[in-house]
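Below is one structure, written out as structure tokens, with a few remarks after it.
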Protein chains: 2
Amino acid sequence: MAQTRAPRADAVRNRKKILDAAREQITLHGPDAGMDEIAAAAGVAVGTLYRHFPTKTDLVAAVVAEYTTHVAEAAEAARERLASGSRAVDEISDFLAHVTEATATNHAVKAAARTLGADPVDRDAEARAGAALAALIQAGQADGDIHQDVTVDDIYLLFSTAPTDQPPAARARWLSLVLTGLTTHTRTANAKPAS
Amino acid sequence: MAQTRAPRADAVRNRKKILDAAREQITLHGPDAGMDEIAAAAGVAVGTLYRHFPTKTDLVAAVVAEYTTHVAEAAEAARERLASGSRAVDEISDFLAHVTEATATNHAVKAAARTLGADPVDRDAEARAGAALAALIQAGQADGDIHQDVTVDDIYLLFSTAPTDQPPAARARWLSLVLTGLTTHTRTANAKPAS
DNA sequence: GAGTAAGATGAACTTCGGTTCACTATCTAT
DNA sequence: ATAGATAGTGAACCGAAGTTCATCTTACTC
């Protein structure tokens, strides 16, 4: 049952070009980025775009999936680092800072995803991220740095609303305020974690 | 220079009907709510709608303005209550809970405002809300309930991203988490303020 | 190096929703 | 009661953006 033969080389190349262009254009011009614009940016005709992604919704979903995978990998990397003796709170702080940044960049992309139908998020990647995050939280609680009642859902809840269209300074402040609610540290301690 | 004579009675009536219908339809069907739909819901023809609001953006802006005014009034009412001996933290908590609720309801409206051009927010109402909020924060800090470094901008920053499409329980949890970052209280104290 | 299936092209089509405007109805000042 | 401005009506207009498809190209197979 090995029927579907390998995709053509140029098809693979184009798929990547389209995905990159889509991310870039949507980030730049918001959900209003037209299929024509994206195609042009990718150096491809509209028809090609539709061969790879039958609908605009599918295209955006694919872009979001890339992002989700990225977050999952970051979470798992943070957990790995625990083995090297790093402190869980610090890893969580860094991870969340990273996610906040990434989310800010992908602001428009996620907005576009909402505008169309919020879609089949990559369940697998989401699960991996959740597992890694749970381990980090547990470690942090064992250290006495994270409030006992904090759950993975809390993190999701807070970061699903991370400010995206604010300047970097505001985003940093937001992160600081939110972390105060999760950790047992005072605000200054958050800003300058023991090195 | 008293030239513009009083608007006709039916015009005033229709304006209100349109505003109500717009809020309702946008809340219901999101930013996609068509001008035709809104007009129909208001029991009016499209043309009438355009007489009152030359563009869809203007219409949405007007709806948002109503909301802003509402928030400003709530903030001022909270400040008034300080005179009656109520505690500032509690007033702030209640106010923020109220805003979170109101924002959840107006979720789609604000989304619509973004989709079109984020607009001339009612500067006056915003200023009034800011002044009232500043007074509340100051009082809370004097009581020792609110962290010294908290500012009005912090509140704006946090609540500009209040979760809107989450179920009530999640919104309550979110509020609790965020308040922990603002007050000197522990989480349980927030949930059950001294009566 | 043919032959052929997979892929690419882009002009044209369709849909959809905001907006217009010539016309009619209604209110209000005299 | 009447005039005339003010407001309301809704079919038609228009442009934008997603999507299709008949045709041409190109990469892989034997």
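Just so it is clear: chains get the letters A, B, ... in the order the sequence lines come, proteins before strands, and each one is counted from 1. Note that these values count all heavy atoms, side chains included, but never hydrogens, waters or copies made by symmetry. Because the structure is a prediction, the values reported are computed rather than measured.
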Using a cut-off of less than 4.0 Å, is there contact between a side-chain N or O of T48(A) and OP1 or OP2 of dG7(C)?
no

Quick one: [X] [atom1] to [N] [atom2], roughly how many Å, whole number?
X	N	atom1	atom2	value
R8(A)	dA5(C)	CZ	C1'	8 Å
D10(A)	dA5(C)	CG	P	17 Å
R15(B)	dG8(D)	CZ	C1'	16 Å
F53(B)	dG18(C)	CZ	P	15 Å
M35(B)	dA11(D)	CE	P	18 Å
L59(A)	dT19(D)	CG	P	10 Å
D36(B)	dC14(D)	CG	P	17 Å
L49(A)	dG10(C)	CG	P	13 Å

Among [options], find the nucleotide with the atom closest to the side chain of [X].
X	options	value
P7(A)	dT19(C), dG18(D), dG7(C)	dG7(C)
A45(A)	dT20(D), dA7(D), dG10(C)	dG10(C)
R51(A)	dA7(D), dA8(C), dT19(C)	dA8(C)
H52(A)	dA8(C), dA7(D), dG10(C)	dA8(C)
T55(A)	dT19(C), dT19(D), dT9(D)	dT19(D)
A11(A)	dT19(D), dT19(C), dG7(C)	dG7(C)

Check whether [X] reaches the backbone of [Y] with its side chain - one donor and one acceptor, N or O, closer than 3.5 Å.
X	Y	answer
T184(A)	H147(A)	no
T183(B)	D145(B)	no
R171(B)	Q166(B)	yes
Q141(B)	V150(B)	yes

First of P54(A) and N14(B) reached from the 5' end of DNA chain D, by closest nucleotide:
N14(B)

For residues Y156(B) and T151(B), is any side-chain donor paired with an opposing acceptor at under 3.5 Å?
no

Nearest-nucleotide 5' precedence on DNA chain C, V44(A) against V46(B):
V44(A)

